[in-house]
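Numbers here simply count residues along the sequence, with the first being 1.
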Amino acid sequence: MARFPFFGGDTSRRIAEADSVAVIGLGRFGSALALELVSGGTEVLGIDLDEDLVQSLNGELTQVVRADSTKYEVLKQLAIDEFDRVVVAIGGDISASILTCSVLRSMEIPVIWAKAVDDRHGLILEQLGVHHVIYPEKDMGRRVAHLVRGAALDFIEVAPGYALVKSPVPSTIQGIPLGDTALRKKYGVTIAAYHHEGGSWTNADNTTVLQTGDTILVVGPTKDAEGFAQLR
Ligand code: ATP
């Protein structure tokens, strides 16, 4: 059972007033995103055409509604126009994704996020004025490629050509205060944070001395950060 016992504009309006997000399309991507938002304390209105999906998420999200998001009147009735942030997580049915985004744009939603399955889909969404177009498959594929290639434990390219890499600490800089390693000059990177085995993450500074078994967060141009993570 949903925590909000009845569907419709009034309930959605109440959700929209809080720290809230509407997620349209509750497939693997949309439902994972919606559940993560809820676990972080955000109220989530989930919308999907599929009755079984709606049933399965009933009680997990703040409210879940079975509805066709391509119809203006339907979204209006759900008070979607009162949300500041809406995520469109429809991929396979590109026309449904585009129609939904176009309705949301006509409602002047301040921030729309939408998933694209490929570059052409993404381009149309961008041309529609969607504020954030995301490419989950492409981005995850690229990210995993970096993990497969190197010693990185995690890799995020925060902007084209600039990355954050989690890796073991190379032996070349162990036992020396970071301020004496000339890291930026030699390797073009910065160590932002570290943790000793069993410890918690701590910001690094010039006096930090890293040891065998430590894990570090390296920030810098992708090539440099990745190259540094591969040092032994
Ligand atoms: P995923 O990879 O996240 O599982 P997908 O990329 O395969 O999803 P789709 O299957 O097209 O994407 O869409 C995801 C969800 O969006 C599905 O659960 C589908 O029922 C829902 N959906 C599609 N069209 C509409 C619509 N017009 N209104 C509401 N929900 C929709």
Side-chain angles (χ1 to χ4, degrees), residues 21 23-40 42 44 46 48 53 56-57 60 85 87-94 96-97 101 111-126 130-173 183 187-204 210 212-232:
V21 175
V23 178
I24 301 176
L26 299 169
R28 290 161 299 178
F29 178 78
S31 58
L33 183 140
L35 289 167
E36 189 69 15
L37 284 170
V38 167
S39 75
T42 300
V44 174
D48 201 288
L53 263 179
S56 71
L57 287 165
E60 305 284 332
R85 291 167 294 170
V87 181
V88 180
I90 302 172
D93 187 345
I94 293 182
S97 155
C101 288
V111 182
I112 304 169
W113 293 75
K115 154 182 155 161
V117 289
D118 57 31
D119 290 343
R120 282 189 312 167
H121 183 191
L123 184 64
I124 297 170
L125 297 179
E126 272 167 28
V130 168
H131 310 92
H132 302 279
V133 179
I134 40 173
Y135 303 84
E137 280 91 0
K138 191 169 135 185
D139 290 348
M140 185 50 88
R142 293 182 60 202
R143 186 168 165 205
V144 172
H146 289 276
L147 299 182
V148 169
R149 185 194 299 146
L153 304 170
D154 208 346
F155 174 95
I156 301 171
E157 196 158 43
V158 286
Y162 204 82
L164 183 69
V165 181
K166 182 168 122 186
S167 76
V169 60
S171 57
T172 45
I173 58 159
L183 264 186
Y187 304 103
V189 299
T190 300
I191 295 182
Y194 67 96
H195 83 77
H196 296 311
E197 250 173 340
S200 54
W201 283 100
T202 310
N203 290 334
L210 298 166
T212 314
D214 289 353
T215 305
I216 52 175
L217 273 188
V218 184
V219 189
T222 304
K223 273 203 158 153
D224 296 335
E226 207 174 26
F228 185 74
Q230 281 170 340
L231 293 177
R232 287 284 161 265

OG-CD1 distance between S97 and I24, expressed to the nearest 0.5 angstrom: 10.0 Å
Whether F155 and H146 hold their rings parallel, tilted or perpendicular, with breakpoints at 30° and 60°: parallel
Output the distance between atom CG (D119) and atom CD1 (I124), rounded to the nearest 0.5 Å. 11.5 Å
Check whether T42 reaches the backbone of V38 with its side chain - one donor and one acceptor, N or O, closer than 3.5 Å. no
Closer than 3.5 angstrom, by distance alone: can the side chain of D48 be matched with the main-chain N or O of L53 as a donor-acceptor pair? no
If every non-hydrogen atom of L35 is compared with every non-hydrogen atom of E60, which pair is closest and at what distance? CD2-CB, 3.7 Å
Once you round to the nearest 0.5 Å, how far does SG of C101 lie from CD of E126? 11.5 Å
From L217 atom CG to Y194 atom OH, the distance as rounded to the nearest 0.5 Å: 12.0 Å
Within a strict 4.5 Å, meaning less than it, do heavy atoms of the D154 and L164 side chains meet? no
Closest heavy-atom contact between S31 and L57? CB-CD1, 3.9 Å
Do V169 and I191 make a side-chain contact, defined as non-hydrogen atoms from C-beta onward lying under 4.5 Å apart? no
Identify the heavy atoms of P136 and F29 that sit nearest to each other, and give their distance. CG-CE1, 3.6 Å
Please name the pair of heavy atoms, one in A225 and one in V165, separated by the smallest distance, quoted to 0.1 Å. CB-CG2, 3.8 Å
Close side-chain approach of H195 and T202, heavy atoms under 4.5 Å: no
Between L210 and P170, is there a side-chain heavy-atom distance shorter than 4.5 Å? no
Decide, yes or no, whether a salt bridge links K138 with D118 under the criterion of side-chain N to carboxylate O below 4.0 Å. no
Starting at NE2 of H131, measure out to CG of L125 and round the result to the nearest 0.5 Å. 12.5 Å
Can you check whether P168's main-chain N or O pairs, donor with acceptor, with T215's side chain at less than 3.5 Å? no
Are the side chains of D224 and Y187 in contact, using a 4.5 Å heavy-atom criterion? no
Would you confirm whether E157, through its side chain, and G161, through its main-chain N or O, come within 3.5 Å as a donor-acceptor pair? yes
For a 4.5 angstrom cut-off between non-hydrogen side-chain atoms, does L183 reach F228? yes
When you measure from the side chain of S171 to the backbone of R232, do you find a donor-acceptor pair of N or O atoms at a distance under 3.5 Å? yes
Between Y135 and G122, what is the shortest heavy-atom contact and its length? OH-CA, 3.4 Å
What one should report as the nearest heavy-atom pair of H121 and I94 is CD2-CG2, 3.8 Å
Taking everything shown except Q230 itself, do over 12 heavy atoms lie less than 6.0 Å from its CD? yes
